[in-house]
Amino acid sequence: MHKTSETFFPFRYCYERNLAVNPQGGNTGLVGGSVPVFDEIILSTVLMNRIISFDKVSGILVCQAGCVLEKLNEYLEEQGFIMPLDLGAKGSCHIGGNVATNAGGLRLLRYGSLRGTVLGLEVVLGDGSALDCLASLRKDNTGYDLKQLFIGSEGTLGVVTAVSILCPQKPKAVNLAFLGCQSFAKVLETFTTCRAMLGEILSAYEFMDEKCMELVERHLKLSSPVTGSPFYVLIETSGSNSTHDEEKLNNFLERAMTSGLVTDGTVATDDKKIKALWSLRERITEALTHDGCVYKYDISLPVGKLYDLVTDTRARLGRSAKNVVGYGHLGDGNLHLNITAESYSHSLLDAIEPFVYEWTARYNGSISAEHGLGFKKKQFIQYSKASEAVFLMQRFKAMLDPKGILNPYKTLPSGS
Ligand SMILES: O=C(O)CC[C@@H](O)C(=O)O
Ligand SMILES: [Zn+2]
């Protein structure tokens, strides 16, 4: 068994004195899960940044919670591997925070969620004792899979201090296609076509609407080689044989162009152009922050309904919003609906909520696909979870954190 810490002293200190603790990694979350609400003590993982081991045969990495995602990826790339997740915030987010929030990101379509790739965790509980579940096994059916309780629990049940994670081989060939589509129906049809024609080499299918493109151009001065379409899609392939992958991609592009699914596009195979095209998508969040006050929604929906929420919200808000934009991980059924205004307005918020949540619940969607509930969304959990489920969550919380000192006021509705 690996052990990185037997007892986590600051926790025991806080437990004995009834002091509340706010675990914090890179502090890049979007729902206020990593910021204190009142007088909690911030417990930063920044100094826990040690790589414990990497096994080149199995591809299993064991590291401490404070390792920065991008640094881990760089370390792995030198050995012919990559991290199974990639986020716009990779330069500052910590792997412990990624696991605690079950972050999704840009590679989920290919490598699945952290619930599948995380093999083990070390977690410190509210009383300062360390729970050693830091297994590095692909298969282990001995009892309940306790680590799953902590993945996505946003530090409310325990603090992730070390992670064991399965890492894929670094793909030898990566291609990117950035395409323009004339309607959302075409975006969907392009997705089904590319999934059928690219098969196992498809590694990302992202979409953005023209408003997003306008904002990255205006606020970040990025320029797109593809213009004049209401929707854009970014398709990434990752494989082991560039000739084979390019042939597949070219066949798909020919079909997509001749059948009118896409009207314009560009392809990149070299690193520099690939990075520049990814920036158009990855930096939308940053562009939005320059547009004014931002109201953010991270929604899972049946993929066919994904953009209807943007259209309906835009129609409802009319001129009271500055911009209503939709983008996200279409391949995962995950929409990022963002609304901007010159300044914060209570009446605008009232027009957005609960409208967006009710709309989502009507189609059995999730009001938080990949960002978590944190402080900002915890009161809305009932739109996506049955009351019995919330009650059971509250019982877990009471059992693992009887003093209520672990990231209080987060995830579960107040009163719990
Ligand atoms: O800012 C957002 O709404 C989404 C952020 C992130 O999840 C992304 O996919 O770019
Ligand atoms: Zn996202």
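Each ligand, and each atom within it, is numbered from 1 in the order the structure gives. Side chains included, hydrogens not; waters and symmetry mates left out as well; all remaining heavy atoms used.
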Check [Y] with [X], please: is the shortest side-chain N to carboxylate O separation under 4.0 Å?
X      : Y      : value
Arg314 : Asp209 : yes
Lys305 : Asp308 : yes
Asp312 : Arg316 : no
Glu154 : Lys410 : no

Show the atoms of ligand 1 that are less than 4.0 angstrom away from any heavy atom in [X].
X      : answer
His329 : 9 (O)
Lys296 : 1 (O), 2 (C), 3 (O)
His336 : 3 (O), 4 (C), 6 (C), 7 (O), 8 (C), 9 (O)

* Asked: Can you give the angle His336 NE2 - the Zn ion (ligand 2) - Glu370 OE2, rounded to 10°?
  ->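 With the Zn ion (ligand 2) as the vertex, the angle is close to 90°.
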Residue, atom name and distance, where the atom is the protein heavy atom closest to [atom]:
atom                   : result
atom 2 (C) of ligand 1 : Tyr327 OH, 3.0 Å
atom 5 (C) of ligand 1 : Thr285 OG1, 3.3 Å
atom 7 (O) of ligand 1 : His371 NE2, 2.8 Å
atom 9 (O) of ligand 1 : Arg281 NH2, 2.8 Å

* **salt bridge (Lys or Arg N to Asp or Glu O under 4.0 Å) evaluation trace for Lys186 with Glu189** => CA-CA 5 Å; Lys186 301 244 157 134; Glu189 219 186 311; over 6 Å; no
* Please check if any side-chain donor atom of Gln379 sits under 3.5 Å from a side-chain acceptor atom of Ser414, or the reverse. =>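 The criterion, which ignores hydrogens and geometry beyond distance, is satisfied for Ser414 and Gln379.
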* Asked: Going by distance alone, is a donor N or O of one side chain under 3.5 Å from an acceptor N or O of the other, for Thr161 and Glu122?
  -> yes
* Answer yes or no for His329: is there an N/O/S atom below the 2.8 Å cut-off from the Zn ion (ligand 2)? => yes
Test of understanding: given a 4.0 Å heavy-atom threshold, classify the contact between [X] and ligand 1 as side chain, backbone, both, or neither.
X      : answer
Glu282 : neither
Asn338 : side chain
Leu30  : side chain

* Does ligand 1 have an atom under 4.0 Å from some heavy atom of Glu370? -> yes
* State if Tyr297 counts as touching ligand 1 under the rule of any non-hydrogen atom under 4.0 Å. => no
* Any idea how Tyr205 and Phe191 line up, ring-wise: parallel (<30°), tilted (30 to 60°), or perpendicular (>60°)? ->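 Taking Phe191 first and then Tyr205, their aromatic rings sit tilted (interplane angle of 30° to 60°).
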* **salt bridge (Lys or Arg N to Asp or Glu O under 4.0 Å) between Asp298 and Lys296, worked out** => CA-CA 7 Å; Asp298 165 38; Lys296 304 183 84 65; over 6 Å; no
